[in-house]
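Protein chains get the first letters and strands the later ones, always in sequence-line order, with residue 1 at the start of each.
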There are 2 protein chains.
Amino acid sequence: MDDTVQWLSSEEQRDWRAFIRLHQKLTSRLGADLQAKSGLSGADFEVLVALTDVPEGRVRFQELAREIDWEQSRLSHQIRRMIKRDLVAREECAEDGRGAFVVITSHGREAIEAAAPPHVETVRRVFLDHVTTAELRTLGQISQRIVDRLDQDRS
Amino acid sequence: MDDTVQWLSSEEQRDWRAFIRLHQKLTSRLGADLQAKSGLSGADFEVLVALTDVPEGRVRFQELAREIDWEQSRLSHQIRRMIKRDLVAREECAEDGRGAFVVITSHGREAIEAAAPPHVETVRRVFLDHVTTAELRTLGQISQRIVDRLDQDRS
DNA sequence: ACCTAGTTCTTGACGTGTCATCTATCTAGT
DNA sequence: ACTAGATAGATGACACGTCAAGAACTAGGT
C-alpha cells in the first residue's frame with residue numbers, strides 16, 4: 001500500500017523491535033511492582049540506591065546526577081518531590097555557596113531497605129531467570145560496549 | 001557502612017545495570033534526535049508507523065493499542081494530543097456505538113514520511129552500527145523469548 | 001422488554017521528564 | 001577591586017504515562 005517509508009531489513013526490524021519491546025515491558029513491570037509493594041517509583045529507587053552507596057548517604061547534586069546519569073534539572077525536580085515525602089533532605093554547602101547536598105533521611109533508608117529485597121526478587125523473576133549466565137554476560141558486554149561508544153561521541 | 005540491602009552478585013549487577021543503562025541512553029538519544037529533526041516525539045512516531053501499516057491508515061483504538069502494546073488510556077491521551085496537531089483524526093464507528101477509529105491525516109502521513117529516513121539513519125548510528133549481525137540476532141532472540149514469557153504469566 | 005455484566009473509550013488527578021531560562025555564586029584575567 | 005564567563009542548582013511550561021473512575025453502548029440470559 002505504501003512503500004515510501006524507508007525502513008530496516010525485516011530481520012533488523014524484527015530484532016530491533018523485540019529489543020525495544022523487552023525494555024518497555026521490563027521497566028513497566030518493574031515500576032508497577034515496585035510501586036505496589038513499596039510505594040516507591042523507579043526514580044525514587046534509583047536515587048535512594050545511589051545514596052546508600054555513598055558515605056553518610058550524602059552527596060552533591062552534581063555528583064549524584066553524574067552517578068545515575070540524569071540531567072541536572074530532572075534530578076532537581078525529583079529531589080523536590082522526594083523531600084516532600086521525607087525520603088531525602090537538602091543541605092546547603094559551606095564550601096560552595098551555589099551548591100547543595102542531598103542526604104538520605106532515616107525514613108528514606110527504611111524505605112529502600114524494605115523495598116530492595118522484593119525488588120531484586122522481581123528482577124530475577126522477570127529477567128534473570130530467563131537468561132543463562134553466558135547470555136547475561138553477552139548482553140552485559142554488548143551493552144557496555146555501546147554505552148561507552150555513545151558516551152564518547154555525543155553526536 | 002550498610003550491608004542490610006540485599007542485591008545481586010556483582011557480575012549480575014554489572015550486566016543488568018549495563019543493559020538498563022543502554023536502553024535509557026538509546027531511548028533518550030533517539031527521542032531527542034527525532035524531536036529535533038522532525039518535531040515528532042517517540043510516541044507520535046510509534047503511532048504513525050502503526051497507522052501506515054494498516055489499510056487506509058485507519059484502525060480501531062483497541063486494535064491499535066494491542067498492536068503497539070499500549071494501555072488504552074495512554075493511547076486515548078496520546079491521540080487527543082495528536083488530533084490537536086492534525087496528525088491523526090478520530091472517526092465514529094457505525095458498527096459499534098462505543099468504538100472509534102483513528103485515521104492518519106495527510107499531514108500525519110507527510111510527517112512520518114519525512115521523519116522515518118533520518119530516524120532510521122540514527123538507529124543505525126547509535127545502535128546497529130555497533131553490533132554484528134550475529135549479535136543482533138542473539139539480542140533479538142533473547143528479547144523475544146523473554147517478552148513471550150512475560151506475556152504468558154502476567155504475575 | 002428488561003436487567004446485569006462486560007466492553008470501548010474518555011477523563012481528571014497526579015507523578016514524571018525535557019527544554020529553556022533564571023538566579024546566585026565562583027573563577028580568572030585584568 | 002572589577003568584570004566576563006563558567007558553573008550549581010531551581011523553576012515554569014508543557015508533553016508524557018498510570019491509575020482510578022466514569023459514560024456510553026452491547027450482549028446474553030430471563
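Pairs of residues two or more places apart, or lying in two chains, that qualify as salt bridge (Lys or Arg N to Asp or Glu O under 4.0 Å) and include a residue from residues 9-20 of chain B are Arg124(A)-Glu12(B), Arg137(A)-Asp15(B). Listed by first then second residue, pairs satisfying ring-ring contact (aromatic ring centres under 6.0 Å, His included) with a partner in residues 107-126 of chain B read Phe45(B)-His119(B), not counting sequence neighbours.
Annotation: salt bridge (charged side-chain N to carboxylate O under 4.0 Å, His left out) contacts of Asp53(B) (sequence neighbours excluded): none. Under the ring pair (Phe, Tyr, Trp, His ring centres under 6.0 Å) criterion, His23(B) pairs with Phe19(A), His23(A), Phe19(B), not counting sequence neighbours. Every residue was checked against the ring pair (Phe, Tyr, Trp, His ring centres under 6.0 Å) condition with Trp70(B), not counting sequence neighbours, and none meets it. With sequence neighbours excluded, the residues forming a side-chain hydrogen bond (donor to acceptor under 3.5 Å, both in side chains) with Asp44(A) are Ser41(A), Gln78(A), Arg85(A), listed by chain and number. For Phe61(B), the ring pair (Phe, Tyr, Trp, His ring centres under 6.0 Å) test picks out no residue, with sequence neighbours left out. Under the side chain to side chain contact (heavy atoms under 4.5 Å, CB included) criterion, Ser106(B) pairs with no residue, sequence neighbours left out. Residues passing the side-chain hydrogen bond (donor to acceptor under 3.5 Å, both in side chains) test with Glu63(A): none are found, sequence neighbours excluded.
Relative to the side chain of Phe61(B), the nucleotides dT8(C), dT16(C), dT10(C) differ in distance, and dT10(C) lies closest.
Between the CG atom of Asp33(A) and the P atom of dT18(D) there is a distance of 15 Å, given to the nearest Å. For Gln78(A) and dT11(D), the CD to C1' distance is 16 Å, given to the nearest whole Å. The distance from atom CG of Asp69(A) to atom C1' of dG17(C) is 14 Å, rounded to the nearest whole Å. A straight line from CZ of Arg60(B) to C1' of dT10(C) spans 15 Å, rounded to a whole angstrom. To the nearest angstrom, P of dC19(D) lies 12 Å from CZ of Arg29(A). Counting to the nearest Å, the C1' atom of dT11(C) and the CD1 atom of Ile79(B) are 16 Å from each other.
In this structure, Arg90(A) reaches the sugar-phosphate backbone alone: every heavy-atom distance under 4.0 Å involves primed, P, OP1 or OP2 atoms, never a base.
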I'd like a list of close polar pairs between nucleotides 19-21 of chain C and the protein, N/O only, cut-off under 3.5 Å.
| from | atom 1 | to | atom 2 | distance (Å) |
| --- | --- | --- | --- | --- |
| dC19(C) | OP2 | Glu71(A) | OE2 | 3.2 |
| dC19(C) | N4 | Ser73(A) | OG | 3.0 |

Would you tabulate the pairs of protein nitrogen or oxygen atoms and nucleotide nitrogen or oxygen atoms of nucleotides 26-29 of chain C closer than 3.5 angstrom?
| from | atom 1 | to | atom 2 | distance (Å) |
| --- | --- | --- | --- | --- |
| dC26(C) | OP1 | Gly97(A) | N | 2.9 |

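In the region residues 34-48 of chain B, proximity to DNA chain D at under 4.0 angstrom, judged on heavy atoms, holds for Ser41(B), Ala43(B).
Both Leu75(A) and Trp70(B) lie close to DNA chain D; mapped to their nearest nucleotides by heavy-atom distance, the more 5′-ward contact belongs to Leu75(A).
Applying the 4.0 Å criterion to OP1 and OP2 of dC16(D), one finds that Arg81(B) has a side-chain N or O inside that range. Under 4.0 angstrom from either OP1 or OP2 of dG15(C) there lies no side-chain N or O belonging to Arg80(A). For Gln72(B) and dT8(C), the shortest distance from a side-chain N or O to OP1 or OP2 is not below 4.0 Å.
A distance of 8.5 Å separates CE of Met82(B) from OG1 of Thr105(B), quoted to the nearest 0.5 Å. Atoms CG and CD1, from Asp129(B) and Ile146(A) in turn, are 10.0 Å apart once rounded to the nearest 0.5 Å.
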- Decide yes or no on side-chain contact (heavy atoms from CB on, under 4.5 Å) for Leu128(B) and Leu8(A), but give the supporting numbers first. CA-CA 10 Å; Leu128(B) 295 175; Leu8(A) 309 171; 4.0 Å; yes
